[in-house]
Amino acid sequence: MSPPPGCPGEPPCRKQHAGQGYPPTHAARAHGIPVSLSMDTSVWWSADLFSALRATLTTYRSREHAEGHARGESVTHTTLRAHDVLSWATRGGAAALGRSHDLGTIEVGKKADLVLLKNDDSPVSFPLLNPHGHVVLQAQRSDVHTVLVNGHVAKYRHRLRGIDLRALRDRVENTVEHLRGGLGESEWHKGMNPEVPRAKTIEQSRFGTEQPPTGQ
């Protein structure tokens, strides 16, 4: 099944950093277009979905306030709530995948894809007065206690299962050291601390990916 047409799922934080326009969630919601949240990269932006929840709520409310200020008004009640954003990341994600029949909610007959949050050492995990608001505004990756994928325990007590994370970390660190040694300290330092060029603009394509002419 195909995702519902026009259902945005990219993280607003990445869109803003990459110059891909203001997050479309406000316009989509105004026109009744389904919304879902996801993270599609961990290379040049965080893959933390909790950050996407907060960024989505913040940018949406920021727009409501900005439009109100432009009219000389103060918005006292924003329309997007924490439970809406959390639903976009769960039910909305399932709907965008065309999988509402077996994903997105906890029901008999659906796949046991569950994320359980519990961190007794967290200084912000109590008091739990508004669960939706707490997840969206306070939770983070270190609070993920257990993850089940189709009933299979992929993470338990904050630790991944079936993955040698130490070995993977060593491989990554060895790769970085290999590249650093091959480049030399001078080139490595220049690459890690590039000069900030003078800001300029180029003609914008639909996705903002058009490259400048050769030689510029």
Side-chain angles (χ1 to χ4, degrees), residues 3-97 104 115 117 122-144 194-212:
C7 185
E10 294 184 60
C13 40
R14 188 175 70 77
K15 280 184 171 293
Q16 290 173 288
H17 277 257
Q20 295 174 333
Y22 201 86
T25 49
H26 187 277
R29 189 168 183 245
H31 290 86
I33 299 174
V35 177
S36 68
L37 291 183
S38 64
M39 303 299 287
D40 63 355
T41 180
S42 60
V43 178
W44 63 283
W45 187 256
S46 172
D48 178 17
L49 190 57
F50 294 111
S51 295
L53 293 171
R54 281 186 275 277
T56 299
L57 188 62
T58 298
T59 54
Y60 193 104
R61 290 180 171 179
S62 174
R63 178 165 178 166
E64 282 193 312
H65 285 298
E67 291 180 351
H69 293 169
R71 298 188 300 267
E73 302 170 351
S74 292
V75 176
T76 60
H77 294 78
T78 55
T79 61
L80 186 67
R81 316 305 296 179
H83 65 80
D84 296 319
V85 178
L86 188 58
S87 179
W88 291 350
T90 52
R91 295 181 179 89
L97 293 170
V115 177
L117 306 181
S122 170
V124 296
S125 64
F126 59 89
L128 186 59
L129 304 177
N130 183 325
H132 294 132
H134 210 96
V135 171
V136 173
L137 297 173
Q138 299 292 345
Q140 52 188 315
R141 283 175 289 189
S142 61
D143 298 328
V144 178
E195 294 184 7
V196 179
R198 181 176 60 86
K200 62 179 181 179
T201 59
I202 60 175
E203 183 179 352
Q204 186 183 58
S205 68
R206 178 168 178 263
F207 294 103
T209 57
E210 186 162 323
Q211 298 299 314

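The figures here come from the full heavy-atom set of this structure, side chains too, leaving out hydrogens, waters and symmetry mates. Residue numbers start at 1 and run along the sequence shown. These numbers were taken from a predicted model, which means no experiment stands behind them.
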Heavy-atom closest contact ([X] atom, [Y] atom, distance):
X: Leu117; Y: Ala139; result: CD1-CB, 4.1 Å
X: Ala82; Y: Val136; result: O-CG2, 3.5 Å
X: Pro197; Y: Glu195; result: CD-O, 3.2 Å
X: Ala89; Y: Leu53; result: CB-CD2, 3.8 Å
X: Val75; Y: His65; result: O-CE1, 3.4 Å
X: Ala96; Y: Ser36; result: CB-OG, 3.5 Å

| field | Thr56 side chain vs Ala52 backbone, donor-acceptor pair below 3.5 Å | value |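 Yes; judged by distance alone, with no hydrogens or angles, the pair exists.
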| message | Determine whether a donor-acceptor pair (N or O, by modelled atom type, separation under 3.5 Å) exists between the side chain of His132 and the backbone of Asp84. | response |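 No: the side chain of His132 does not pair with the backbone of Asp84.
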| message | Taking the side chain as everything from C-beta on, heavy atoms only, tell me whether Asp143 gets closer than 4.5 Å to Phe50. | response |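 Side-chain contact under 4.5 Å: no.
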| message | Within the structure provided, determine whether Val85 and Arg54 are in side-chain contact (heavy-atom separation under 4.5 Å). | response |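 No, every pair of side-chain atoms sits at 4.5 Å or beyond.
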| field | Nearest-0.5 Å distance that lies between atom CG in Asn130 and atom CG in Leu137 | value |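 So the CG of Asn130 and the CG of Leu137 are separated by 8.5 Å.
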| query | Can you tell me how far NE2 of His134 sits from OG of Ser122, rounded to the nearest 0.5 angstrom? | reply |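 Spacing of OG (Ser122) from NE2 (His134) equals 6.5 Å.
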| task | Test Thr79 against every option in Arg61, His26, Glu64 by the side chain to side chain donor-acceptor pair (under 3.5 Å) rule and name the one that passes. | result |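 Result: among Arg61, His26, Glu64, Glu64 is the only option passing the side chain to side chain donor-acceptor pair (under 3.5 Å) with Thr79.
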| Arg71: which of Glu67, His69, Glu73 passes side chain to side chain donor-acceptor pair (under 3.5 Å) |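 The passing option is Glu73.
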| query | Would you say Arg91 has more than 12 foreign heavy atoms packed within less than 6.0 Å of its CZ? | reply |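 It does not: Arg91 CZ has 12 such atoms or fewer within range.
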